[in-house]
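Everything on this sheet refers to the single structure shown next.
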Amino acid sequence: MTTATDSLNSDRSLDFIRTAVAEDVRNGRYGGKVVTRFPPEPNGYLHIGHAKAMCLDFGVAEEFGGVCNLRFDDTNPVREEQEYVDSICDDIRWLGFDWGDRKCFASDYFHQLYEWAVKLIEGDLAYVDDQSADEIRENRGTLTELGRDSPHRDRSVEENLDFFRRMKEGEFADGSRVLRAKIGMSSPNPLMRDPVMYRIIHASHHRTGDEWCIYPMYDWAHGQSDALEEVTHSLASLEYENHRPMYDWYIKKLGIFPSRQIEFARGNITYTVTSKRRLRELIEKGYLSGWDDPRMPTLCGLRRRGYTPKAIRQFWEDVGIAKRENNIDIAKLESCLRDQLNKVAPRVMGVINPLKVVIENYPEGESEELEAINNPEDLAAGTRQVAFSRELFIEREDFMEDPPKKFFRLAPGREVRLRYAFFITCTEVVKDEAGQIVELRCTYDPETRGGDAPDGRKVKATLHWVSVAHAVVAEVRLYDRLFAVENPLEIADGEDWLDNLNSTSLKVLPNCYLESSLEEARPGQRFQFERLGYFSVDPDSAGGKPVFNRTVTLRDQWARIAGGKQDGK
RNA sequence: UGCCCGGUCGUUCAAUUGGUAGGACAACGGAUUUUGGGUCCGUUUAUCGAGGUUCGAAUCCUCGCCGGGCAGCCA
């Protein structure tokens, strides 16, 4: 029996793509089967935008009991490399998707593609064009003028067959000839004006080596690859909408498996750019350290930053699928991240901007262990011991000599709680000659051990702290949004998009003090530094000194009250 | 002045296919709290415009307006 809430929960409406797929399944189109594909080009690293496509491609397949093929569109040997194939596989696995034994390559289909091209030629549906690239462009027409026929358009089938064979044999120079589909030069859609199917490129391919010197265009390879793999639903981004009539033309003329392409809008995110060209520029000009710089929107960058695969998938699931242009608030991504990290990240104390505190009534040379909860959101995570002693570090921002009304952390004469430890009261502020605060003298109340006062008195703040003698020294890298504006590519005349970079997207703090339990932290591990944010251990932590990357801050109401501009708005 | 696609809270996605415009994020208030975290409760804000069809329109029709894509031998 279903209750009202059950049906409410299960009634989450399907997006337009899942609706279409569900309908096809119900109507028995493709015999009720669902096969999708994720088709990256191995010429760069995957980024968060690709994750959206993966969530869709793999997600739809799984939800409808089908499969999703991983297919590399490796039709351009001059841009593609094996290295990218490997990194792409790593990133997909990291995100948690599985292509089983269906790792496919468009290059696997080069022979079949060649045969199909011959078949089109034989049917007088394709021809070899001797025009130069410039001439072809010239004759293609414009958005408002129709194209003109190539002078070679009416070659005989025999001549076309002969030229095409000789193209393949390597008789002709790069760019001297192409094979074109004979669709018609007067279509209002310029993509349909006798599209190029093959071009001559004397270059070795990362998989087929020097076997070929003619390579299929993406538009000629992609739909046919779908057909060969019997992909039922080929989910593409909006810019391929105008290509669909061409794909359908090939399917019809060849009489092959009729995959159905459905287009959706890619997801843009505020304060970020995902174009490979721009990302490469950031690296080449030295703004970023590489493709896995923790500020990169690449999956390897996000991974190094400390993002979890689950958070990324949750994000795209929440955002949904539609066809309109969009620019998703990066705060949504951060919200998904915090939501997950909050549940799984062990809590720990670390002081990143230290201010020394001396507990005057605590005996010198002594220390004790206090019990701390590892994760209040998950009591099964247990507890740990933290060392307390006479000399401590607290966060410099947690003390104000002359506090405003809403500041309820430590101040002269004020009592606060040290988390899991004691109440302390500030008795004296020690300054250097320059007037800088260098140390606080405090007293503690031994009765408040653990953090509660037997007499029931309250404090307004709880501070994190680290015992000086027991601290682990670490480097902490504070990352923030890469760009200072929502739309980095939106620039006024004379401005450069690089001017939109956030100049404080990285602050390195070489000497931070962390509780001793962090001594054994391993690269990739994630923690919540209480009251500061989520941090993960960077692979640079090799040399004995741990390095932590700030993944994301905690939500911070005080920053807002204090007029902090931490979110750039 | 070509063709294709799209326009719903600040953002993003919904609306049982013509029947009270809803969720999430953001923002703002309150409660609780040994993280100014978290949790809970509440509040504010939207159908691009003009006509038409209809008892009734975000949804259908017409005409506008605005945004995006397309003139690589890139994908």
Side-chain angles (χ1 to χ4, degrees), chain A residues 11-15 39-41 43 73-76 78-80 129 131-133 136-138 140-147 174-180 187-193 196-201 215 217-219 221-222 237-245 263 265 267 270 276 315 318-336 338-339 342-343 347 349 372-373 376-377 406-409 417-421 448 450-452 458-464 486 528-533 553-562 567 569:
Chain A
D11 260 6
R12 226 204 132 173
S13 60
L14 299 179
D15 57 63
E41 184 191 10
N43 76 333
D73 275 319
D74 53 352
T75 55
N76 187 347
V78 304
R79 308 194 342 162
E80 296 146 9
D129 195 349
Q131 292 182 108
S132 68
I136 287 180
R137 187 183 331 112
E138 192 83 0
R140 184 157 24 228
T142 66
L143 296 179
T144 52
E145 297 162 39
L146 301 181
D174 285 10
S176 61
R177 284 183 169 80
V178 291
L179 184 73
R180 302 177 72 178
S187 169
N189 177 356
L191 284 161
M192 290 290 273
R193 318 228 258 240
V196 172
M197 296 166 62
Y198 275 97
R199 71 289 215 201
I200 301 171
I201 304 174
Y215 289 93
M217 295 287 290
Y218 170 86
D219 277 335
H222 188 82
S237 50
L238 249 27
E239 70 254 44
Y240 291 104
E241 214 156 19
N242 293 335
H243 298 233
R244 179 152 36 89
E263 306 85 7
T270 58
K276 277 176 202 167
F315 168 69
D318 283 7
V319 161
I321 305 287
K323 291 188 78 164
R324 63 177 89 112
E325 290 298 317
N326 59 73
N327 201 15
I328 305 148
D329 192 343
I330 196 172
K332 174 65 186 166
L333 212 210
E334 293 169 345
S335 163
C336 290
R338 291 190 188 104
D339 183 54
N342 176 48
K343 294 172 192 150
R347 270 58 168 177
M349 291 195 286
I373 295 166
E377 303 292 318
K406 287 189 171 174
F407 182 91
F408 34 83
R409 279 114 95 146
R417 170 167 43 231
L418 293 182
R419 182 110 158 126
Y420 299 127
T448 58
D452 279 309
K458 302 287 183 199
V459 288
K460 291 196 80 176
T462 301
L463 271 37
H464 62 277
E486 275 194 28
Q528 185 198 101
F529 288 8
E530 295 220 29
R531 307 207 304 133
L532 294 177
T553 60
L554 254 27
R555 287 184 71 225
D556 189 349
Q557 250 190 82
W558 167 243
R560 259 172 290 191
I561 294 166
D567 63 3
K569 283 178 194 169

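The chains referred to below are lettered A, B, ... by the order of the sequence lines, with proteins before strands, and numbering in each begins at 1. For clarity, every value in this text was computed on a predicted model and none was experimentally measured.
Phe529(A) comes within 4.0 angstrom of nothing in the nucleic acid, heavy atoms only. Within the 4.0 angstrom heavy-atom criterion, no nucleotide atom of any strand lies near His464(A). Nucleic acid contact class of Asn43(A) (heavy atoms, under 4.0 Å, all strands): none. Residue Ile136(A) is in base contact, counting any heavy-atom pair closer than 4.0 Å across all strands shown. Residue Tyr215(A) is classed as having no contact, given no heavy-atom separation below 4.0 Å to the nucleic acid. Nucleic acid contact class of Gln528(A) (heavy atoms, under 4.0 Å, all strands): base. Among the protein residues, Gln131(A) comes within range of the nucleic acid bases, having at least one heavy atom under 4.0 Å from a base atom. Within the 4.0 angstrom heavy-atom criterion, only backbone atoms of the sugar-phosphate kind lie near Ser335(A); the bases stay farther away. No engagement by Pro245(A) is indicated, since no non-hydrogen atom pair under 4.0 Å with the nucleic acid exists. Looking at heavy-atom distances under 4.0 Å, Ala133(A) makes contact with a base. Among the heavy atoms of the strands, none lies under 4.0 Å from Lys460(A). Within the 4.0 angstrom heavy-atom criterion, only backbone atoms of the sugar-phosphate kind lie near Glu41(A); the bases stay farther away. Tyr240(A) comes within 4.0 angstrom of a nucleotide base, judged by non-hydrogen atoms across all strands. Across all strands, Val319(A) comes closer than 4.0 Å only to sugar-phosphate atoms, never to a base (heavy-atom distances).
The pairing partner recorded for rA14(B) is none, the criterion being a Watson-Crick or G-U wobble arrangement whose two distances lie under 3.5 angstrom. Under the Watson-Crick and G-U wobble criteria, each requiring two contacts below 3.5 Å, nucleotide rA50(B) is paired to rU62(B). Pair assignment for rG67(B) gives rC5(B), based on Watson-Crick or G-U wobble hydrogen-bonding distances that are each under 3.5 Å. Pairing for rU45(B) is absent, with no Watson-Crick or G-U wobble pair whose two atom distances lie under 3.5 Å. Pair assignment for rU39(B): rA31(B), on the basis of Watson-Crick or G-U wobble contacts that are both within less than 3.5 Å. Remark: rC74(B) base-pairs with no nucleotide; criterion is Watson-Crick or G-U wobble with both hydrogen-bond distances under 3.5 Å.
You'll find that the side chain of Ala322(A) is closest to rC13(B), out of rC13(B), rG37(B), rA26(B). Here the nucleotide nearest the side chain of Asn342(A), chosen from rG37(B), rA15(B), rC13(B), is rG37(B). Checked against rC73(B), rG37(B), rC28(B), the side chain of Arg555(A) finds its nearest nucleotide in rG37(B). When the nucleotides rG36(B), rA75(B), rU35(B) are ranked by their closest atom to the side chain of His243(A), rA75(B) comes out on top. The Arg140(A) side chain lies nearest to rC73(B) when the options are rC73(B), rU35(B), rG38(B). The side chain of Arg531(A) lies closest to rG36(B), out of rC74(B), rG36(B), rC13(B).
Atom C1' of nucleotide rG67(B) and atom CD of Glu325(A) are separated by 8 Å, given to the nearest angstrom. Following rounding to the nearest Å, Asp329(A) (CG) and rC13(B) (C1') show an atom-to-atom distance of 14 Å. Atom CD in Glu239(A) sits roughly 16 Å away from atom P in rG72(B) (whole-Å rounding). Atom CD in Glu334(A) sits roughly 17 Å away from atom P in rU12(B) (whole-Å rounding). Atom CD1 of Ile321(A) is separated from atom C1' of rG23(B) by 17 Å (rounded to the nearest Å). Rounded to an integer number of Å, the gap from CZ of Arg193(A) to P of rG72(B) is 11 Å.
Judged by closest nucleotide on RNA chain B, Asp318(A) is the one of Pro39(A) and Asp318(A) placed further toward the 5' end. Nearest-nucleotide positions on RNA chain B place Gly320(A) closer to the 5' end than the other of Arg137(A) and Gly320(A).
Arg417(A) and Thr462(A) share a donor-acceptor pair across their side chains, judged by distance under 3.5 Å alone.
For the pair Tyr218(A) and rA75(B), the ring geometry does not qualify as stacking, because the centroid separation below 5.5 Å and plane angle under 30° are not jointly satisfied.
Side-chain contact between Arg244(A) and Glu263(A): present, with at least one pair of heavy atoms (C-beta onward) separated by less than 4.5 Å.
Between Phe407(A) and Trp558(A), the two ring planes are perpendicular [angle over 60°; tilted spans 30° to 60°].
Contact check, Arg409(A) against rG36(B): no side-chain N or O comes under 4.0 Å of OP1 or OP2. Put simply, Thr75(A) has no side-chain N or O that comes within less than 4.0 Å of OP1 or OP2 on rC74(B). An OP1 or OP2 oxygen of rC74(B) is reached within less than 4.0 angstrom by a side-chain nitrogen or oxygen of Arg199(A). Arg347(A) has no side-chain polar atom (N or O) that falls below the 4.0 Å cut-off from OP1 or OP2 of rG38(B).
Panel note: side chain Arg347(A), backbone Glu530(A); no donor-acceptor pair is recorded below 3.5 Å.
Between Arg560(A) and Asp556(A), none of the side-chain N atoms (NZ, or NE/NH1/NH2) sits under 4.0 Å from a carboxylate O, so this pair counts as no salt bridge.
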Using a cut-off of under 3.5 Å, enumerate the N/O to N/O pairs linking the protein to nucleotides 43-49 of chain B.
none

Please write out each protein N/O paired with an N/O of nucleotides 2-5 of chain B under 3.5 Å, distance rounded to 0.1 Å.
unit_1	atom_1	unit_2	atom_2	d
rG2(B)	N9	Leu143(A)	O	3.2
rG2(B)	N3	Leu143(A)	O	3.0
rC5(B)	O4'	Glu241(A)	OE1	3.4

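Rounded to the nearest 0.5 Å, atoms CG (Leu418(A)) and CG (Leu463(A)) are 6.5 Å apart.
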